[in-house]
J.: 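Right, I'll just put the structure down here and ask away after.
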There are 2 protein chains.
Amino acid sequence: MLSIGELSRRTGVKVPTIRYYEQMQLINAPERSTGNQRRYFKAELNRLSFIKHARDLGLKIDDIRELLTLSAHPEQPCASANQIAANHLASIRSRIAQLQRLEAELARMAEGCDADCIGNCYVIESLSNHSLCTESH
Amino acid sequence: MLSIGELSRRTGVKVPTIRYYEQMQLINAPERSTGNQRRYFKAELNRLSFIKHARDLGLKIDDIRELLTLSAHPEQPCASANQIAANHLASIRSRIAQLQRLEAELARMAEGCDADCIGNCYVIESLSNHSLCTESH
DNA sequence: TTAATATCTATAGAAACTATAGATTTAAAT
DNA sequence: ATTTAAATCTATAGTTTCTATAGATATTAA
């Protein structure tokens, strides 16, 4: 059995966030010690890791709850789970692309800015520059 | 002069968000039409694009305000601006790496899940799987 | 001139946490 | 066995970054 602090350390999810997830019904209310502290089975490590990964992916809590609910009903067809994954793939990919463009920009800046006053500094100028935008705005 | 709607269309920042940024002092209160509607100079396109790029990068509004303030005082050394950029570069990079790992996972899932019931479905299992984690948790 | 559309302010709500306060429990050190 | 430090508890409020709504007014196109 794990205390909430251990669960936190092992999953990277902060303690108050774990309690928040319990409130949001992403995880079940765990057993309690005689002194009323939460005690988790190791199995919760998986579920919480699932949640963390999904959040890192950008899935909304509602989507995550949906996936978790689906997974609790293994008799249903998995088209829905599949669909949720596919839906997010596109947005993840564009997010990556965008971040990469901006990463390049930022890297250039962080190295390139040898000017000793803001007037000549890259950082400010580059970030307002549209030349790297592939977006439609 | 641009209406707030045009500014929005051209920068990709939503109308209420523009007003919010004005409130947060990221942009100056613009001139008004005789009927009290906001009218922007084209110059605001740059500033707002700067803000959008910076947000996309993951910079906090406070950091952005700091950069904007720095840029308004070109006599100061640019080490600070440089530092802010560098600070974020590392976190951007790790975010990209993480997203890429998870993208691969998700892509595999979206294609690979031909099972017709949740019981055999990849999606659920893969997301709770730690094998792709390079993080320390 | 009349619609349709866009803006205005002010306020409330949403999402996903995060912090605080004051009380209690647990673990570690004497 | 006691003490003390660290962790946990509940409940509530605050944070950040928007987003939505309502009711009033402006602007633009037909």
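Keep in mind that this is a model prediction, so the values were computed, not measured. All heavy atoms count here, side chains included; hydrogens, waters and symmetry mates do not. Convention: sequence-line order gives letters A, B, ...; per-chain numbering from 1.
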J.: Look at A:R38 and D:dT8 and indicate whether a side-chain polar atom (N or O) is within less than 4.0 Å of OP1 or OP2.
T.: no

J.: Could you tell me whether the phosphate oxygens of D:dT17, OP1 or OP2, come under 4.0 Å of any side-chain nitrogen or oxygen in B:T17?
T.: no

J.: Over how many whole Å does the gap from A:K60 atom NZ to D:dC18 atom P extend?
T.: 12 Å

J.: What is the separation between atom CD1 on A:I18 and atom P on C:dA16, rounded to the nearest whole Å?
T.: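 So the two atoms are 17 Å apart, to the nearest Å.
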
J.: Hey, what bend do you get for the helix from C:dT1-D:dA30 to C:dT30-D:dA1 if you fit axes on five pairs at each end, rounded to 10°?
T.: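 Axis-to-axis angle, ends of the helix: 30°.
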
J.: Of all heavy-atom pairs between B:L26 and B:R47, which one has the smallest distance, and what is that distance?
T.: O-NE, 2.7 Å

J.: Taking A:V15 as the starting point, is it possible to reach A:M1 by hopping between hydrophobic residues whose side chains are less than 4.5 Å apart?
T.: no

J.: Could you tell me which non-hydrogen atom of A:K52 sits nearest to which non-hydrogen atom of A:V13, and how far apart they are?
T.: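 Reported closest heavy-atom pair: CD-CG2, 3.8 Å.
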
J.: What's the spacing between A:T17 OG1 and A:L48 CG if we round to 0.5 Å?
T.: 9.5 Å

J.: Looking at A:K14, I'd like to know whether one of its side-chain N or O atoms comes within less than 4.0 Å of OP1 or OP2 on C:dT18.
T.: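 For C:dT18, OP1 or OP2 has a side-chain N or O of A:K14 closer than 4.0 Å.
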
J.: Holding to side chain to side chain donor-acceptor pair (under 3.5 Å), I want the full list of residues that pass it with A:N28, two or more places apart in sequence or in another chain.
T.: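 Not a single residue meets the side chain to side chain donor-acceptor pair (under 3.5 Å) criterion with A:N28.
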
J.: Could you tell me whether B:E6 atom CD has more than 12 heavy atoms of other residues or ligands within 6.0 Å of it?
T.: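 More than 12 heavy atoms, drawn from other residues, nucleotides or ligands, come within 6.0 Å of this atom.
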
J.: Is any side-chain nitrogen or oxygen of B:R32 closer than 4.0 Å to OP1 or OP2 of C:dT9?
T.: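 Yes, such a contact exists.
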
J.: Can you tell me how far CD1 of B:I27 sits from CD1 of B:I51, rounded to the nearest 0.5 angstrom?
T.: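 Taking CD1 in B:I51 and CD1 in B:I27, the distance rounds to 6.0 Å.
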
J.: Would you mind reading off the distance between B:L48 atom CG and D:dC18 atom C1', rounded to a whole angstrom?
T.: 14 Å

J.: How many Å lie between CD on A:E6 and P on D:dA7, as a whole number?
T.: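 From A:E6 CD to D:dA7 P: 11 Å.
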
J.: Kindly compute the distance separating OH (B:Y21) from CZ (B:R55), expressed to the nearest 0.5 Å.
T.: 5.5 Å

J.: Roughly how far, to the nearest 0.5 Å, is CD1 of B:I61 from OH of B:Y20?
T.: 4.0 Å

J.: With a 4.0 Å heavy-atom cut-off, tell me which residues in residues 20-28 of chain B come close to DNA chain D, sorted by residue number.
T.: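 Hits under 4.0 Å, by residue number: B:Y20, B:Y21.
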
J.: To the side chain of A:P16, which of D:dT8, C:dT18, D:dT10 is closest?
T.: C:dT18

J.: Side chain of B:I61: nearest nucleotide among D:dT17, D:dC9, C:dA15?
T.: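 Within the option list, the nearest is D:dT17.
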
J.: Return the CG to CD distance between A:L2 and A:E44, rounded to the nearest 0.5 Å.
T.: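 Rounded to the nearest 0.5 Å, the CG-CD separation comes out at 9.5 Å.
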
J.: If you look at every heavy atom in B:R19 and B:I4, which pair is closest and at what distance?
T.: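 Minimum heavy-atom contact is CG-CD1, 3.5 Å.
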
J.: Are any protein N/O atoms closer than 3.5 Å to N/O atoms in nucleotides 20-23 of chain C? If there are, list each pair with its distance.
T.:
none

J.: Measure from CD1 on B:I4 to C1' on C:dA6 and round the result to the nearest Å.
T.: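 Taking atom C1' of C:dA6 as the reference, CD1 of B:I4 is at 11 Å.
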
J.: Return the OG to CZ distance between B:S3 and B:R9, rounded to the nearest 0.5 Å.
T.: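 Going from the OG atom of B:S3 to the CZ atom of B:R9 covers 6.0 Å.
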
J.: When you compare the protein's N or O atoms with those of nucleotides 24-26 of chain C, which come within less than 3.5 Å of each other, and at what distance?
T.:
from, atom 1, to, atom 2, distance (Å)
C:dT26, OP1, A:S33, OG, 2.7
C:dT26, OP1, A:G35, N, 3.0

J.: May I have the distance from B:M1 (atom CE) to D:dA26 (atom P), rounded to whole angstrom?
T.: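 In whole Å, D:dA26 P lies 18 Å from B:M1 CE.
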
J.: Distance-only check: which donor-acceptor pairs under 3.5 Å involve side-chain atoms of residues 33-43 of chain B, not counting sequence neighbours?
T.:
from, atom 1, to, atom 2, distance (Å)
B:S33, OG, B:G35, N, 3.2
B:S33, OG, B:N36, N, 3.4
B:S33, OG, B:Q37, N, 3.0
B:Q37, OE1, B:R39, NH2, 2.9
B:R38, NE, B:E22, OE1, 2.8

